Trainee: 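Got a structure for you, questions after.
Keep in mind it's a predicted model, so treat the numbers as computed, not measured.
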Amino acid sequence: MAAATNLATNAVPQQFTPWTEDPSWTWGTTTVLATLVILVGVALQRLSSPEPARPAAARTAELDSVNPAHNLSPRDPAFIGRDAVFERIEAELRDGPVAVVAMHGLGGMGKSAIALELAYRGHESGRYSIAWWIHAETESTLVEDISELAPILGLSVSDDQDQTVKEVRAALRNRNDWLIVFDNVADPDAVRPWLPGGSGATLITSRFRGWSKLAVQVDLDRFTREESLAYLAGTVERYDPAAANELAQVLGDLPLALVQAAGYLDRRDLPIERYLELYRDRDAAGRLLAEAVDGYPDSVATTWLLHYDQLAEDEPAALQLLRLCAFLDPEDIDLDLLLSVPELLPPELVATASPIDYERVVGELARANLVTRMDKNRIRLHRLVSQVTRLQLEASAGEWALLAATLVNRLFPIHSHEPSQWPRCALLAAHASSVIEHNESLAVSDAQARALYDRLGVYLQTQVDGDVDVSSLGPADWRISPVRSRYSHQIQRIAPKMLAGRDRELADLAAFTTSEDEPSYLWLRAGAGSGKTALLAWFALHPPAGVRVVSFFVSARWAGQSDRSAFVENVIEQLVEILGQPMPAPLSEATHEAHLHALLEEAAQACRSRGERLVLLVDGLDEDRGGHTGSDAHSIAALLPTHPPRGLRIIVADRPNSAFPADVPAHHSLRVPGIVRPLTLNPDGGTKYLLAEMKQELRSLLGAVGNQEVLGLITAAGGGLTVTDLAEITDTPAEALQDLINGCSFTKRSEGDRPPVYQLAHEQMHETVLQILGPRRIAKYRDALHSWADSYRVRKWPEDTPDYLLSTYPRMLHQYADVARLVDYVTDVARHDRMRQRFGGDAAAISEVDRALKAVAKCDNADLFKRLVARRKALQ
């Protein structure tokens, strides 16, 4: 300081020397300089020294002043549903003090979408000032995303990233208003060191199980069917309820698959029916499942291919097991049974014989959520996991299909007709159908698949026809019988018990169906009383060897059996029986023709491959309610193939001079004159005399009021009423009615040991009653049937509920378009419970719900449609 003062004094100009020589000036200047030096030194010291520790309360108060912040990706405007999942996660996150929830599920279930929506809701409501998304696929992305939170918390970002992460976690522990989402974590060890702790909320998403020691586990399942339909309704411009239901069915209600399909439809402005047509092609389905999805990192196929690669490296036996299961029915696979024939298994699977190896292999698939364990030995696959697994095999798919067929054939009982073998047959029947279908679609069917086909057929025949002796049948004898579907019972109602004097006509029909030189169509025309329907029904039930007959008899006498919708439903049911496929989801009107034609072609090809001939028989085209000559005709005839596939013969029949449906194209094979043949039966006129006798008896019956009521009820009901039913509705003793309905105007049919049901003996009788009684009185009789049905419904369908109310009644409601009442009855859980007890299984209930879905789709009632969809899902 002294030296500085001397230098400053010497530098002062001469005129100021008197001042510098004054001691007071000198010491004053020195004091000022010293003070400045001290102040500069203190400032420099503060800038270079670390900030002193502050009390925790002061630190927290400063952090709490941070403005709300998030790094969330854009919100999905189409997000819907998942209310139950939200409620569960929210409840767990509220149960601090350290709230960690791990949401796991199969890839494509929508885990990230749910986490994103939950983060937005929490942030916008003010519950979480900070909502932070961390990409946890790798440690590097995880650390980077945590570090980016530092400036939000008022922390400096150090070059030492680990130090920054440590400070971020420490800061979060002093707050309780944050939500951190660790997305797509591989396992608990990958995220455990990075959890913030404290009293905030942590949500983890993962494709893998095994979180119970670190977090509360939330299992995520697929969409409910209502959520699937709601999503499609909100995203697909050309929405059709029935087609959307079928799409949700084939995609297994998987959210990512539905997003993928909706994006595809939107970009190409396609109707849902067209997507379904593409999806039915194996190669096209593979490309659709691999289609890129906007806003999603991977497609459905890519999502699971990553698992396959990892399994191939870490656990090849698990991948082999998944591939084998992909060719079985995915809903219920008994692994103990499947792995009980080690000599047929790949070497990797033979090694799973020990319990510890078995649990390791199955556990690896369960951990990846590729399978769901139903109990100790049984698993279930999502249908799309099966499909993508098969598609991933590419050229080797045929080898796996043959392996599956060989294995199931070895397990399937040889004597499948014996009741003692039926429990095991029932366990394997769905798997047998599945492997047969895959062998046929891949064109690799061999002796193993054919043998399995035979055994399965014999078993199915016993289940449809009851306990019958089929031990004398050869391996393929079951296939030359008529199709054993539910519709066969309808034909049995129509066909006579004996058919005499028809040898020539039966021989003509046999020649047409078996000859190689005949045209594809035969059109029989015969007047009333010729016995045409009786002949064709007999032929349908007793075809020549090697002929499979699929038939439909158009008749207003039977409820819901006189329009193209009934034709499609019943013919498709018989075709899938031939093909061994399950009944498809409800079809929209727009997909009827395409689906019917596709199945006809598949069935014709399947029959050709087995040396058989497929015949489609349609009687009563003149009775078709949609087959008029107007511009709005929607006839059954127009649904018949213009150019039938090779191996298919078609027989149609009607009365002479009936009007030709206007919607049949000009180039249709039905318009070729050479296919029409007049049919003259019973030259002695016996049938005509019988018909005249029926008419005379009918006129006599209609003369009495009591008789009119019985006739009106039988006509309005559309078949299916017993004497006991009629007695109860009319409050008349059954004995008094028995003589009335024993006349020639009525026909009765019995099924097994059930009481016989009655119907007018001829279509003309039915028409006559309708004309004489008129619409008003027929409506009155329908009301009587409704009251009768309601009386049983109020009593929750007791054990003595008539069969008519459990089977035919909904068809009558469908025929008269009484959709509100129809939905009430086909969604009645107690009624379906009684049907299950009475008839066995839920097939009949599912079928009537499907019919109701078609009826409701026409009236565009969303509430009724949702009720039906919910009931069908419950039945499935």
Trainee: Nearest 0.5 angstrom please: Arg872 CZ to Leu875 CG, how far?
Mentor: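 Output value for this atom pair is 8.5 Å.
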Trainee: Taking all non-hydrogen atoms of both residues, which atom of Leu229 and which atom of Tyr239 are closest, and how far apart?
Mentor: O-OH, 3.7 Å
Trainee: Restricting to non-hydrogen atoms, name the atom on Pro543 and the atom on Val549 that form the minimum distance, rounded to 0.1 Å.
Mentor: CB-CG2, 3.6 Å
Trainee: Could you tell me which residues satisfy salt bridge (charged side-chain N to carboxylate O under 4.0 Å, His left out) with Arg613, sequence neighbours excluded, listed by chain and number?
Mentor: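 Result, salt bridge (charged side-chain N to carboxylate O under 4.0 Å, His left out) vs Arg613: Glu516.
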Trainee: Going by the rule salt bridge (charged side-chain N to carboxylate O under 4.0 Å, His left out), which residues pair with Arg867 if we only count those two or more places apart in sequence or in a different chain?
Mentor: Asp824
Trainee: Could you state the interatomic distance from NE2 (His832) to CZ (Arg871), rounded to the nearest 0.5 Å?
Mentor: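 The NE2 atom of His832 sits 5.5 Å away from the CZ atom of Arg871.
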Trainee: Report the distance from atom CG of Leu456 to atom CG of Asn409, rounding to the nearest 0.5 Å.
Mentor: 10.5 Å
Trainee: Should Arg238 and Arg274 be marked as a side-chain contact (heavy atoms from CB on, under 4.5 Å) after you check the CA-CA gap, both sets of side-chain angles, and the distance that decides it?
Mentor: CA-CA 11 Å; Arg238 301 172 70 174; Arg274 178 55 181 159; over 6 Å; no
Trainee: Do Phe552 and Val571 touch side chain to side chain, with heavy atoms closer than 4.5 Å?
Mentor: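 Yes. Closest side-chain heavy atoms under 4.5 Å.
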Trainee: Is it the case that Arg649 places NZ or CZ above or below the six-membered ring of Phe512, under 6.0 angstrom from the centre and within 45 degrees of the axis?
Mentor: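 Here Arg649 passes the 6.0 Å and 45° test against Phe512.
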Trainee: Look only at the side chain of Arg831 and the backbone of Leu805, and say whether a donor-acceptor pair between them is shorter than 3.5 Å.
Mentor: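 Yes.
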Trainee: List in chain and number order the residues that pass side chain to side chain contact (heavy atoms under 4.5 Å, CB included) with Pro641, two or more places apart in sequence or in another chain; answer none if no residue qualifies.
Mentor: Tyr521, His597, Leu600, Pro644, Leu648, Ile650
Trainee: When you check the side-chain N and O atoms of Thr533 and Asp619, is any donor under 3.5 Å from an acceptor?
Mentor: yes
Trainee: Quick one: does Leu524's side chain get under 4.5 Å of Leu509's, heavy atoms only?
Mentor: yes
Trainee: Can you list the residues that meet the side chain to side chain donor-acceptor pair (under 3.5 Å) rule with Asp329, with sequence neighbours excluded?
Mentor: none
Trainee: Given side-chain contact (heavy atoms from CB on, under 4.5 Å), test Leu452 with Asn439 step by step and report yes or no.
Mentor: CA-CA 11 Å; Leu452 177 61; Asn439 273 257; over 6 Å; no
Trainee: Residues in salt bridge (charged side-chain N to carboxylate O under 4.0 Å, His left out) with Arg608, at least two apart?
Mentor: none
Trainee: Just to verify, what does Tyr809 make a side chain to side chain donor-acceptor pair (under 3.5 Å) with, not counting sequence neighbours?
Mentor: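 Listed in chain order: His786, Arg821.
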Trainee: Report the C-alpha distance between Leu428 and Leu337 in whole Å, list the side-chain angles of each, state the deciding distance to 0.1 Å, and finish with yes or no for side-chain contact (heavy atoms from CB on, under 4.5 Å).
Mentor: CA-CA 10 Å; Leu428 290 164; Leu337 187 60; 3.8 Å; yes
Trainee: Do Glu399 and Arg323 come within less than 4.5 Å of each other through their side chains, counting heavy atoms only?
Mentor: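 Not in contact.
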Trainee: Listed by chain and number, what are the ring-ring contact (aromatic ring centres under 6.0 Å, His included) partners of His431, not counting sequence neighbours?
Mentor: none
Trainee: Please examine the side chains of Arg225 and Gln249, heavy atoms only from C-beta on, and report whether any two atoms are closer than 4.5 Å.
Mentor: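 A side-chain contact exists here, since the closest heavy-atom pair is under 4.5 Å.
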Trainee: Quick one: list whatever passes side chain to side chain contact (heavy atoms under 4.5 Å, CB included) with Pro665, sequence neighbours left out.
Mentor: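 Pro665: side chain to side chain contact (heavy atoms under 4.5 Å, CB included) contacts with His667, His668.
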Trainee: Within the side chain of Arg851, is there an N or O that forms a donor-acceptor pair under 3.5 Å with the backbone of Arg811?
Mentor: no
Trainee: Just to verify, what does Trp523 make a ring-ring contact (aromatic ring centres under 6.0 Å, His included) with, not counting sequence neighbours?
Mentor: Phe660
Trainee: For Ala404 versus Val435, what's the shortest heavy-atom pair and its separation?
Mentor: CB-CG1, 3.6 Å
Trainee: Taking only Lys NZ, Arg NE, NH1 and NH2, and the carboxylate oxygens of Asp or Glu, determine whether Asp624 and Arg564 approach each other closer than 4.0 Å.
Mentor: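 Arg564 and Asp624: not salt-bridged.
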Trainee: Identify the two heavy atoms, one from Pro810 and one from Ser807, that lie closest to each other, and give their separation to 0.1 Å.
Mentor: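 Answer, listing the atom of Pro810 first, then Ser807: CD-O, 3.4 Å.
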Trainee: Thr808 side chain to Tyr804 main-chain N or O, any donor-acceptor pair under 3.5 Å?
Mentor: no
Trainee: Where do Val664 and Ser635 land on the side-chain contact (heavy atoms from CB on, under 4.5 Å) test, with the steps shown first?
Mentor: CA-CA 8 Å; Val664 177; Ser635 68; 4.2 Å; yes
Trainee: Check for a donor-acceptor pair, side chain of Gln574 on one end and backbone N or O of Asn570 on the other, with a separation under 3.5 Å.
Mentor: yes
Trainee: Answer yes or no: is there a side-chain heavy-atom contact under 4.5 Å between Val652 and Ile636?
Mentor: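 Val652 does not reach Ile636 side chain to side chain.
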Trainee: Could you grab the distance from atom SG of Cys325 to atom CG of Leu381, nearest 0.5 Å is fine?
Mentor: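 One gets 6.0 Å once the value is rounded to the nearest 0.5 Å.
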Trainee: In Å and rounded to the nearest 0.5 Å, what is the CH2 to OG1 distance from Trp400 to Thr389?
Mentor: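 Trp400 CH2 to Thr389 OG1: 11.0 Å, rounded to 0.5 Å.
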Trainee: Could you check if a side-chain atom of Leu407 sits within less than 4.5 angstrom of a side-chain atom of Leu324, using non-hydrogen atoms only?
Mentor: yes
Trainee: Are more than 12 heavy atoms, taken from residues, nucleotides or ligands other than Lys873, located less than 6.0 Å from that residue's NZ atom?
Mentor: yes
Trainee: With heavy-atom distances below 4.5 Å as the criterion, would you say the side chains of Arg424 and Leu411 are in contact?
Mentor: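 With C-beta onward as the side chain, the pair touches.
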Trainee: Mind checking what makes ring-ring contact (aromatic ring centres under 6.0 Å, His included) contact with Phe865, not counting sequence neighbours?
Mentor: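 Here no residue qualifies.
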Trainee: Looking at Glu601, I want to see if its CD is surrounded by more than 12 non-hydrogen atoms of other residues, nucleotides or ligands under 6.0 Å.
Mentor: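 No, CD of Glu601 has 12 or fewer neighbouring heavy atoms, counting only those of other groups under 6.0 Å.
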Trainee: For Ser434 and Phe327, which heavy atoms make the closest approach, and how far apart are they?
Mentor: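 Here Ser434 and Phe327 meet closest at OG-O, 3.1 Å.
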Trainee: How many angstroms lie between CG in Leu599 and CD1 in Ile578, if you round to the nearest 0.5 Å?
Mentor: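 One finds 10.0 Å between CG of Leu599 and CD1 of Ile578.
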Trainee: Tell me every residue that passes salt bridge (charged side-chain N to carboxylate O under 4.0 Å, His left out) with Arg836, counting only those two or more places apart in sequence or in another chain.
Mentor: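 Scan of Arg836 (salt bridge (charged side-chain N to carboxylate O under 4.0 Å, His left out), adjacent residues dropped) gives Asp833, Asp842.
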Trainee: Any donor-acceptor pair under 3.5 Å linking the side chain of Glu226 with the backbone of Val869?
Mentor: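 No; zero donor-acceptor contacts below 3.5 Å.
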Trainee: Would you name the heavy atoms of Leu579 and Ala606 that are closest together and state the gap between them?
Mentor: CD2-CB, 4.0 Å
Trainee: Could you check whether any side-chain heavy atom of Ile651 comes within less than 4.5 Å of a side-chain heavy atom of Thr513, counting everything from C-beta outward?
Mentor: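 Of all side-chain heavy-atom pairs linking Thr513 with Ile651, at least one is under 4.5 Å.
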Trainee: Tell me, please, which residues at least two apart from Ala852 pass side chain to side chain contact (heavy atoms under 4.5 Å, CB included).
Mentor: Leu822, Val826, Leu868
Trainee: Do side-chain atoms of Ser669 reach the backbone of His643 as a donor and acceptor pair under 3.5 angstrom?
Mentor: no
